[in-house]
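In what follows, a structure is listed as structure tokens, so that the remarks can point back to it.
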Amino acid sequence: MAETTGIINGSNLKVTLAAVGATEVMVDNLTDCSISTNIDLRDTTTKSNAGYKAVLPGMMEATLSFSGMFANDATNGFHELFDFQNAKTKLDVKLTQIVGSGSTPNAGDMEFVAAGYITSLDLTGGTEDNATFSCSIQLVETISYSVIA
């Protein structure tokens, strides 16, 4: 497919992951996903800054977060995420664009590609409500934001 033009439908943003080197699969039953990047700033203030703080960029960090509906029979859901976290497995992860109910990233669009570790995993069930899960992955090493081939 060609690059998506105009504003992107958020439903097309999906998360794929797998143990490093394995074939990535889409996480089942996603309801939302996000990536957050931050740069720590190093204080470089000296007496010659006339009372103003001076800074330079330092370490960069990023977190990929997502949540979804819990299903015991999901092929790639909470149980698999728990196993990865419990084993402290390093994961290859992508925040990518997959149109509709497809399973193949949309060539020409952009995606984030990184490796990381699951740092938090929550399972929630309210009274007479859908059971849901949420997951955060601390991204490590270099994060690429590139065109889907």
Side-chain angles (χ1 to χ4, degrees), residues 1-70 74 76-100 102-126 131-149:
M1 296 184 87
E3 174 186 27
T4 303
T5 57
I7 297 171
I8 293 171
N9 182 340
S11 294
N12 292 340
L13 294 178
K14 310 281 178 32
V15 175
T16 65
L17 54 77
V20 169
T23 302
E24 293 177 20
V25 294
M26 188 168 37
V27 177
D28 290 337
N29 304 317
L30 281 181
T31 56
D32 63 81
C33 53
S34 65
I35 189 167
S36 175
T37 58
N38 299 294
I39 293 179
D40 293 333
L41 297 175
R42 301 180 289 123
D43 187 350
T44 58
T45 307
T46 65
K47 291 181 180 182
S48 63
N49 289 110
Y52 287 91
K53 186 173 186 171
V55 296
L56 288 172
M59 302 281 280
M60 185 166 184
E61 69 175 331
T63 303
L64 177 68
S65 301
F66 54 91
S67 56
M69 301 286 188
F70 173 79
N76 302 298
F78 179 84
H79 297 302
E80 290 72 24
L81 295 169
F82 179 81
D83 290 343
F84 285 139
Q85 184 185 38
N86 197 40
K88 300 177 183 173
T89 304
K90 187 175 185 179
L91 302 172
D92 285 331
V93 295
K94 288 181 185 174
L95 177 63
T96 190
Q97 295 182 53
I98 299 173
V99 177
S103 59
T104 304
N106 191 44
D109 285 342
M110 302 293 288
E111 67 184 355
F112 287 93
V113 179
Y117 295 93
I118 295 175
T119 55
S120 69
L121 183 61
D122 301 305
L123 178 59
T124 305
T132 60
F133 68 90
S134 60
C135 181
S136 290
I137 299 175
Q138 179 71 45
L139 303 179
V140 298
E141 302 168 3
T142 302
I143 302 163
S144 103
Y145 182 60
S146 55
V147 175
I148 300 168

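Predicted model, so just to flag it, every value in this text is computed and none were measured. Only this structure's heavy atoms are used, side chains among them; waters, hydrogens and symmetry mates stay out.
- The heavy-atom pair separating D28 from G77 by the smallest distance is OD2-N, 4.4 Å.
- Of the N and O atoms on the side chains of T4 and N106, at least one donor lies less than 3.5 Å from an acceptor on the other residue.
- For the pair T132/S67, no side-chain contact is recorded, criterion being any heavy-atom separation below 4.5 Å from C-beta on.
- T96 places no side-chain N or O within donor-acceptor distance of the main-chain N or O of E111, the cut-off being under 3.5 Å.
- Between the side chain of E3 and the backbone N or O of A107, no donor-acceptor pair lies under 3.5 Å.
- Here the shortest heavy-atom pairing between A115 and K90 reads CB-CE, 3.9 Å.
- M69 CE to N29 CG: the interatomic distance, rounded to the nearest 0.5 Å, is 8.0 Å.
- The two residues L41 and P57 make their nearest non-hydrogen contact at CD2-CA, 3.9 Å.
- Taking both residues in full, the closest heavy atoms of I143 and A114 are given as CG1-CB, 4.0 Å, listed atom of the first, atom of the second, then distance.
- Between the CG atom in L17 and the CG atom in L64 there is a gap of 8.5 Å [rounded to 0.5 Å].
- How far CD1 of I39 is from CD of E61: 10.5 Å, rounded to the nearest 0.5 Å.
- Taking both residues in full, the closest heavy atoms of Y117 and T89 are given as CD2-O, 3.7 Å, listed atom of the first, atom of the second, then distance.
- In plain terms, the two heavy atoms of D92 and G21 that are nearest each other are OD2-N, 3.0 Å.
- Around the CZ atom of F82, the shell of radius 6.0 Å holds no more than 12 heavy atoms that belong to other residues, nucleotides or ligands.
- Looking at T63 and S65, their side chains never bring a donor and an acceptor atom within 3.5 Å of each other.
- Between the side chains of D43 and T45, a donor-acceptor pair is found at a separation under 3.5 Å.
- Judged purely by atom type and a 3.5 angstrom limit, N12 uses its side chain to pair as donor or acceptor with the backbone of G100.
- Looking only at side-chain heavy atoms (C-beta outward), T37 and Y145 stay at 4.5 Å or farther from each other.
- Note that CG of L91 and CD of Q85 are 10.0 Å apart. Values are rounded to the nearest 0.5 Å.
- In this structure, Q97 contributes its side chain and M110 its backbone to a donor-acceptor pair below 3.5 Å.
- For the atom pair F66 CZ and S34 OG, the distance stands at 10.0 Å (nearest 0.5 Å).
- Here the straight-line distance linking atom CG of L121 with atom OG of S134 works out to 7.0 Å at 0.5 Å rounding.
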